[in-house]
Every structure is written in structure tokens, then in C-alpha cells.
**Q** 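Take this structure, written in C-alpha cells, and hold onto it; I'll ask about it next.
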Amino acid sequence: MPRRHDPERRQRIIDAAIRVVARAGIAGLSHRSVAGEADVPLGSTTYHFTTLDDLMVAALRQANEGFARVVAAHPALSDPESDLPGELARVLGAWLGGDRTGVELEYELYLAALRRPALRPVAAEWAEGVGALLAARTDPVTARALVAVLDGICLQVLLTDTPYDEAYAREVLTRLLPAPGSRDGSGPGSLPPPTAG
């Protein structure tokens with residue numbers, strides 16, 4: 001019997017991997033569990049993804065697209081006249097405000113990079129992409145700090161299972177950004193200078 005052509009099989013395997021991680025965590029991910037979830041022969045998963053790391057890279061890259069879609073839905077982020085802290089706080093609210101399963105999944109795959117070096121370049125793509133967008137509105141160092149704060153707020157919300165506080169996020173982000181027209185970090189939008197201890 002000729003082999004059935006199945007051009008969507010690779011994508012179904014990635015989708016199945018994401019469902020397995022969402023349900024059972026990284027520990028539950030294996031070629032066998034994904035094959036069962038995708039309803040494909042075990043050999044199909046190893047044909048498309050030789051190692052589990054290959055499969056996790058594809059799943060993380062797809063999960064990363066969730067935040068990219070939210071950012072794309074907020075074109076004001078790139079408008080030099082918009083309130084950047086307010087826009088970022090709204091973007092974070094949109095991402096965390098819906099079904100958090102996708103956000104939790106993305107962070108689970110993202111943090112798996114701590115023990116799986118193959119995932120690190122993909123995990124870095126999220127930060128680099130957001131950082132590049134923000135650097136166009138501020139400067140590279142401030143952009144990296146903003147990404148770190150966004151990441152930290154997301155983790156706090158997820159780990160403590162608390163509601164997202166948009167006003168708090170906006171206040172924290174405002175403290176990191178220089179006042180309009182100032183590129184040196186001075187002005188009412190910046191953190192106060194350190195006090196002598």
C-alpha cells in the first residue's frame with residue numbers, strides 16, 4: 001500500500017506536543033506521548049523531530065508567536081507620540097488577561113532552556129524581538145531593562161496566581177523611562193538617584 005501523503009503531520013505533532021506540555025508539563029513530554037496525542041505512528045515523531053530537543057524548539061517557537069500576536073495588535077507601541085508605559089501595561093494585560101494556559105505553557109517551555117541548551121537561542125528570541133521594538137522608542141539599555149521588568153511581572157502574576165495589576169505595571173514601567181524629550185534618564189519619568197548609605 002503506498003504511503004499516505006500527510007503534509008500537515010509535522011504541524012499536528014507540534015500542536016500535540018504543546019497540548020502534552022499544557023496537560024502534563026515538560027516531564028510528560030516524550031516522542032511516545034506526543035505520537036499518542038497526535039494519533040500518528042511513533043516513527044513519524046522521530047522522523048520529523050530526531051530528538052526531543054528538536055520538538056521542544058519547534059513548540060517553543062510556536063508558543064512565542066502568542067506574545068508576538070498580542071504586540072502586533074497594539075500598533076501604538078511603535079508610535080513615538082504614544083504613552084509607552086501605558087501601552088506596554090495594556091499589552092501585558094491583554095496577554096495575561098485571557099486564557100493563561102497559553103502563557104503558562106510558553107513560560108514552561110521558556111524556563112526549560114535552563115537545563116536544555118538547545119532551547120536557549122529560541123528562548124532568547126522573545127526578549128530580542130521585544131527589545132528591538134522598544135529600542136526604537138528608547139535606547140538599547142533601557143529596552144533590555146523594560147523587557148526584564150515585563151518578564152518579571154509576568155512571572156510574579158503566574159507564580160502567585162494573582163490578578164494582573166495594570167496600574168502597578170504602568171507605574172513601574174514609567175519609572176524606568178526617561179521623561180519625554182530626555183535621553184539621559186533625568187526627569188520625572190526616571191528613578192531617583194541613589195542615596196548615600
Side-chain angles (χ1 to χ4, degrees), residues 6-74 77 88 91-92 94-136 140-161 164 169:
D6 186 359
E8 301 300 319
R9 183 169 287 188
R10 184 179 188 277
Q11 184 59 52
R12 289 208 322 272
I13 291 168
I14 296 170
D15 293 341
I18 287 173
R19 290 194 302 273
V20 168
V21 174
R23 183 177 62 246
I26 293 292
L29 189 69
S30 68
H31 279 107
R32 188 171 300 282
S33 65
V34 171
E37 180 71 25
D39 194 24
V40 299
L42 179 59
S44 286
T45 63
T46 55
Y47 171 78
H48 288 286
F49 303 98
T50 307
T51 69
L52 208 52
D53 280 355
D54 294 337
L55 180 54
M56 290 174 69
V57 162
L60 178 55
R61 187 161 276 127
Q62 182 166 310
N64 277 347
E65 292 170 3
F67 188 74
R69 281 193 296 272
V70 172
V71 169
H74 288 76
L77 277 177
L88 285 171
V91 165
L92 219 52
W95 196 42
L96 292 167
D99 178 14
R100 285 194 187 168
T101 306
V103 181
E104 290 169 0
L105 165 71
E106 187 167 342
Y107 268 100
E108 183 151 9
L109 288 164
Y110 179 67
L111 293 173
L114 290 171
R115 296 194 180 273
R116 293 179 178 268
L119 294 178
R120 289 178 189 168
V122 186
E125 286 174 10
W126 178 87
E128 289 166 0
V130 178
L133 174 74
L134 297 178
V141 173
T142 304
R144 285 178 60 193
L146 290 169
V147 170
V149 168
L150 294 171
D151 227 357
I153 290 172
C154 285
L155 279 171
Q156 285 179 350
V157 168
L158 294 174
L159 294 174
T160 60
D161 198 26
Y164 171 65

**Q** Could you pull out the closest heavy-atom pair between R12 and A38, with the gap in Å?
**A**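 So the minimum-distance heavy-atom pair works out to O-CB, 4.0 Å.
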
**Q** Side chains of I14 and F49, heavy atoms from C-beta outward: is any pair under 4.5 Å?
**A**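 Result yes, sub-4.5 Å side-chain heavy-atom pair found.
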
**Q** Taking side chain as C-beta onward, heavy atoms only, is V103 less than 4.5 Å from E106?
**A**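 SC-SC contact between V103 and E106 ruled out.
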
**Q** Of all the heavy-atom pairs spanning C154 and L92, show the shortest one and how long it is.
**A**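 Looks like SG-CD1, 3.5 Å.
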
**Q** I need the I18 CD1 to L109 CG distance, nearest 0.5 Å.
**A**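 These two atoms lie 7.0 Å from each other.
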
**Q** Restricting to ring pair (Phe, Tyr, Trp, His ring centres under 6.0 Å), what partner residues turn up for Y110, sequence neighbours left out?
**A**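 For Y110 the ring pair (Phe, Tyr, Trp, His ring centres under 6.0 Å) partners, ignoring immediate neighbours, are Y107.
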
**Q** Decide yes or no for M56 and I26: does some side-chain heavy atom of the first lie under 4.5 Å from some side-chain heavy atom of the second?
**A**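 Heavy-atom side-chain distance check passes, below 4.5 Å.
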
**Q** Going from CD on Q156 to CG on L158, what distance comes out if it is rounded to the nearest 0.5 angstrom?
**A**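 These two atoms lie 10.5 Å from each other.
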
**Q** side-chain contact (heavy atoms from CB on, under 4.5 Å) with S33: which of V21, V20, T45?
**A**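 So, applying the side-chain contact (heavy atoms from CB on, under 4.5 Å) to S33 and each of V21, V20, T45, only V20 qualifies.
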
**Q** Can you name the nearest heavy-atom pair linking V91 to V70, along with the distance?
**A**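 Here V91 and V70 meet closest at O-CG1, 3.6 Å.
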
**Q** Drop me the distance from L60's CG to Q62's CD, to the nearest 0.5 angstrom.
**A**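 Between L60 CG and Q62 CD, I get 10.5 Å after rounding to 0.5 Å.
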
**Q** Can you confirm whether more than 12 heavy atoms, excluding those of R19, are under 6.0 Å from its CZ atom?
**A**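 Atom CZ in R19 is crowded, with more than 12 foreign heavy atoms closer than 6.0 Å.
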
**Q** Return the minimal non-hydrogen interatomic distance between V34 and A17, and the atom names on each side.
**A**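 Reported closest heavy-atom pair: CG2-CA, 3.8 Å.
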
